[in-house]
Number of protein chains: 2
Amino acid sequence: MRYSRQRALITHILKGRCDHPTADMIYESARELEPNISLGTVYRNLKLLADEGVIITLETEDKRLHYDGDVSRHSHFICNECGKIVDLFKPSKTPNEIEELGLTVTGEKCVYYGLCSSCGAK
Amino acid sequence: MRYSRQRALITHILKGRCDHPTADMIYESARELEPNISLGTVYRNLKLLADEGVIITLETEDKRLHYDGDVSRHSHFICNECGKIVDLFKPSKTPNEIEELGLTVTGEKCVYYGLCSSCGAK
DNA sequence: ATAATAACAGTAATCATTACTGATAACGAT
DNA sequence: ATCGTTATCAGTAATGATTACTGTTATTAT
């Protein structure tokens with residue numbers, strides 16, 4: 001993977017903020033420093049960076065992919081009302097521990113990734 | 001919410017299978033018994049049923065929403081290779097316990113839902 | 001420096017999902 | 001039981017996030 005100013009910028013932006021922006025939000029930020037950057041370039045590099053494990057993706061119910069520059073093991077809380085995404089460090093926080101942060105938990109979705117038995121055998 | 005034959009069929013199909021079909025797959029199944037059912041009807045009812053809590057949605061990396069008729073608390077395993085979705089009962093299975101099912105776990109994404117402190121105050 | 005090609009900007013295409021329209025069916029009130 | 005209201009329908013068009021394409025530019029190994 002060659003160096004590119006655009007990819008470095010996208011990485012820098014994402015690592016320097018603690019929210020979970022969409023591609024479009026990152027595009028807006030990037031244009032402040034690189035006015036001619038293309039939205040396609042943002043999408044392409046976000047996908048590359050996610051494939052490389054440099055950043056993380058977050059599928060939400062708003063149908064848009066959110067990106068997270070923090071690749072340490074942690075989970076997320078999403079407000080059903082305003083859609084705000086909150087980082088929950090310590091991955092195995094129990095619902096009770098989460099409530100202590102002022103959050104009301106009504107549900108959870110936990111997905112594990114990896115290889116199933118048939119794909120792992122190959 | 002009024003009764004409709006189409007909605008009853010969609011519910012029946014989803015409750016009667018243990019995979020995690022997309023709207024399109026449910027549409028195919030539904031057309032076997034209700035050949036004139038519309039794809040829009042399938043989408044509309046799946047959304048209604050999910051809002052009512054009768055079924056559950058699952059956002060995956062294939063960009064399509066998957067539906068689950070099992071609303072009991074459980075988590076999922078998705079194979080990175082073939083995309084197969086496996087139910088993991090007992091929601092708090094540890095990675096080690098999952099490995100015993102023949103699955104190789106390389107990552108997890110855990111999201112909690114509810115109300116944040118500002119939205120909860122209202 | 002040059003050649004090979006990854007990456008770019010700009011834009012068109014894709015495709016899952018949602019919205020719209022006129023027709024039909026469920027169901028409470030008469 | 002029929003009527004009127006309106007939720008729901010079938011069919012189809014529109015939406016919008018993401019991806020693919022095209023000709024150009026920039027990176028890097030030789």
Side-chain angles (χ1 to χ4, degrees), chain A residues 1-14 19-68 78 80 83 85 109 111, chain B residues 1-14 19-68 78 80 83 85 109 111:
Chain A
M1 187 153 70
R2 287 186 188 170
Y3 169 87
S4 86
R5 194 175 60 254
Q6 292 86 342
R7 180 157 54 237
L9 174 59
I10 289 166
T11 309
H12 177 75
I13 287 172
L14 204 47
D19 58 347
H20 306 77
T22 61
D24 200 60
M25 294 159 76
I26 294 163
Y27 173 59
E28 289 304 324
S29 288
R31 291 218 299 172
E32 291 171 11
L33 288 170
E34 189 80 30
N36 283 339
I37 196 172
S38 169
L39 181 57
T41 297
V42 173
Y43 271 107
R44 182 161 20 80
N45 282 296
L46 286 171
K47 174 176 280 218
L48 276 168
L49 292 167
D51 287 347
E52 294 292 313
V54 179
I55 64 175
I56 277 174
T57 62
L58 190 55
E59 291 82 14
T60 72
E61 293 186 344
D62 71 359
K63 302 285 158 56
R64 296 181 298 176
L65 215 45
H66 292 252
Y67 296 88
D68 190 345
I78 301 181
N80 291 325
I85 302 175
K109 284 182 185 173
V111 179
Chain B
M1 188 151 70
R2 285 185 190 170
Y3 169 86
S4 87
R5 192 175 61 252
Q6 291 86 343
R7 181 156 52 237
L9 174 59
I10 289 166
T11 309
H12 177 75
I13 287 171
L14 205 46
D19 58 346
H20 305 78
T22 61
D24 201 60
M25 294 160 75
I26 295 163
Y27 173 59
E28 289 304 323
S29 288
R31 289 218 301 173
E32 291 171 11
L33 286 170
E34 189 79 31
N36 283 339
I37 196 170
S38 168
L39 180 57
T41 298
V42 172
Y43 271 108
R44 182 161 20 80
N45 281 295
L46 286 171
K47 175 176 279 218
L48 277 168
L49 292 167
D51 287 346
E52 294 291 315
V54 179
I55 64 175
I56 277 175
T57 63
L58 190 56
E59 290 82 14
T60 72
E61 294 186 344
D62 69 359
K63 302 285 159 55
R64 296 181 297 176
L65 216 44
H66 292 252
Y67 296 89
D68 190 344
I78 301 181
N80 291 327
I85 302 175
K109 284 182 185 175
V111 179

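Order of the sequence lines sets the chain letters (A, B, ...), proteins ahead of strands, with each chain counted from 1.
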S.K.: Taking all non-hydrogen atoms of both residues, which atom of A:Tyr67 and which atom of A:Ala23 are closest, and how far apart?
M.R.: CE1-N, 4.0 Å
S.K.: Can B:Glu59 and A:Lys109 be counted as an ion pair, charged N to O under 4.0 angstrom?
M.R.: yes
S.K.: Reading nucleotides 13-21 of chain C 5' to 3', which nucleotides get B (base under 4.0 Å from a protein heavy atom), which S (sugar-phosphate only), which -?
M.R.: ---SBB---
S.K.: Can you measure from NE2 (B:His66) to CD1 (B:Ile85) and round to the nearest 0.5 angstrom?
M.R.: 4.5 Å
S.K.: To the nearest 0.5 Å, what is the distance between NE2 (A:His20) and CG (A:Leu14)?
M.R.: 9.5 Å
S.K.: Describe the nucleic acid contact of A:Arg5 in one word from base, sugar-phosphate, nothing, applying a heavy-atom distance below 4.0 Å.
M.R.: nothing
S.K.: Please report the distance, rounded to the nearest Å, between CD1 in B:Ile37 and P in D:dC9.
M.R.: 7 Å
S.K.: When the distance from CG of B:Asn45 to P of D:dT8 is rounded to whole Å, what number comes out?
M.R.: 8 Å
S.K.: Which stems does DNA chain C form, counting runs of 3 or more consecutive Watson-Crick or G-U wobble pairs with both distances under 3.5 Å?
M.R.: C:1-30 with D:1-30
S.K.: Enter the distance from A:Asn45:CG to A:Ser38:OG here, rounded to the nearest 0.5 Å.
M.R.: 10.5 Å
S.K.: Within this structure, what is the CG-to-P distance between B:Asn36 and D:dC9, rounded to whole angstrom?
M.R.: 13 Å
S.K.: How long is the line joining CD of A:Glu61 and C1' of D:dA17, in whole Å?
M.R.: 17 Å
S.K.: In terms of the nearest nucleotide of DNA chain C, which residue is placed more toward the 5' end: A:Leu48 or B:Tyr3?
M.R.: A:Leu48
S.K.: So, B:Asp62 versus B:Thr60: side-chain donor-acceptor pair below 3.5 Å or not?
M.R.: yes
S.K.: Atom CG in B:Leu48, atom CE in B:Met1: separation rounded to 0.5 Å?
M.R.: 6.0 Å
S.K.: Expressed as a whole number of angstroms, how long is the span from B:Leu9:CG to C:dA25:P?
M.R.: 16 Å
S.K.: How many Å lie between CD on B:Glu34 and P on C:dA25, as a whole number?
M.R.: 11 Å
S.K.: Figure out the CG/P separation between A:Leu49 and C:dA7, and round it to whole Å.
M.R.: 11 Å
S.K.: Any side-chain N or O of A:Thr41 below 4.0 angstrom from OP1/OP2 of C:dA7?
M.R.: no
S.K.: Nearest to the side chain of A:Ser4 - D:dT8, C:dA7, C:dA9?
M.R.: C:dA7
S.K.: Respond yes when some side-chain nitrogen or oxygen of B:Gln6 is under 4.0 Å from OP1 or OP2 of D:dA10, and no when none is.
M.R.: yes
S.K.: Between atom CE in B:Met1 and atom C1' in D:dC9, what is the gap in whole Å?
M.R.: 15 Å
S.K.: Please find the pair of heavy atoms, one from B:Leu46 and one from B:Ile55, that lie closest to each other, and give the distance.
M.R.: O-CD1, 3.5 Å
S.K.: Which pair of non-hydrogen atoms, one from B:Leu39 and one from B:Tyr27, has the smallest distance, and what is that distance?
M.R.: N-CE1, 3.5 Å
